[in-house]
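All remarks here apply to the structure that follows.
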Amino acid sequence: MIEYPPILDLKEKLIIIYPTRSDYELAIKIMVKLRKIGEPVNAVDIILSSIAINRDMIIVTNDNDFESIKKVEERLKIEKL
């Protein structure tokens, strides 16, 4: 919803997932790894990735930032639109 407000038109079908402490802990680890390889990514994409990884979910996107995240976190599952 943060990155794509029109999704709110489907609000009756949405399931809201709130980040947990373990999601934020994983996000910090991912952020550190990305900075080490010189490919920083915005925090929202990193948190979305950590939520998806911790819940064994697939991110469907055409945002190339997720390719950078996948370089340092192989467990991330992404599909291109």
With the 4.5 Å side-chain cut-off for hydrophobic clustering, are Ile51 and Ile78 part of the same group?
-> no
Side-chain contact, heavy-atom cut-off 4.5 Å: Leu81 with Thr61?
-> no
Atom pair NZ/OG of Lys29 and Ser50 - distance to nearest 0.5 Å | 11.0 Å
Is the shortest distance from a Lys or Arg side-chain nitrogen in Glu74 or Lys70 to a carboxylate oxygen in the other one below 4.0 Å?
-> no
Salt-bridge test for Asp56 and Arg75: reply yes if a basic N is under 4.0 Å from a carboxylate O, no otherwise.
-> no
Out of curiosity, does Leu48 fall in the hydrophobic cluster containing Ile30 (side-chain heavy atoms, cut-off under 4.5 Å, transitive links)?
-> yes
Any link between Leu76 and Ile58 through a network of hydrophobic side chains (Ile, Leu, Val, Met, Phe, Trp, Tyr) touching at under 4.5 Å?
-> no
Can you find a heavy atom in the side chain of Pro40 that is under 4.5 Å from one in the side chain of Leu34?
-> no
Ile46 side, atom CD1; Ile28 side, atom CD1 - distance, nearest 0.5 Å = 10.0 Å
Measure the spacing between CD1 of Ile59 and NZ of Lys77 and express it to the nearest 0.5 Å.
-> 11.5 Å
Within 6.0 angstrom of Lys33 NZ, more than 12 heavy atoms from elsewhere | yes
For the hydrophobic clusters of this structure (ILVMFWY residues joined by side-chain heavy atoms under 4.5 Å, transitively), does one cluster hold both Val44 and Ile69?
-> yes
Mind checking whether Asp23 and Arg55 have side chains closer than 4.5 Å, heavy atoms only?
-> yes
Do Lys80 and Glu67 touch side chain to side chain, with heavy atoms closer than 4.5 Å?
-> yes
Same hydrophobic cluster for Ile53 and Val72, using side-chain heavy-atom links shorter than 4.5 Å among ILVMFWY?
-> yes
Using the side-chain contact (heavy atoms from CB on, under 4.5 Å) rule, take Ile17 and Met57 through it: C-alpha gap first, then chi angles, then the decisive distance, then the call.
-> CA-CA 12 Å; Ile17 300 172; Met57 300 171 85; 3.8 Å; yes
Would you find more than 12 non-hydrogen atoms of other residues, nucleotides or ligands less than 6.0 Å from Lys13 atom NZ?
-> no
Flag the pair Tyr24 / Leu26 as yes when at least one side-chain heavy-atom distance between them is below 4.5 Å, and no otherwise.
-> no
Flag for Asp65-Ser68: side-chain donor and acceptor within less than 3.5 Å = no
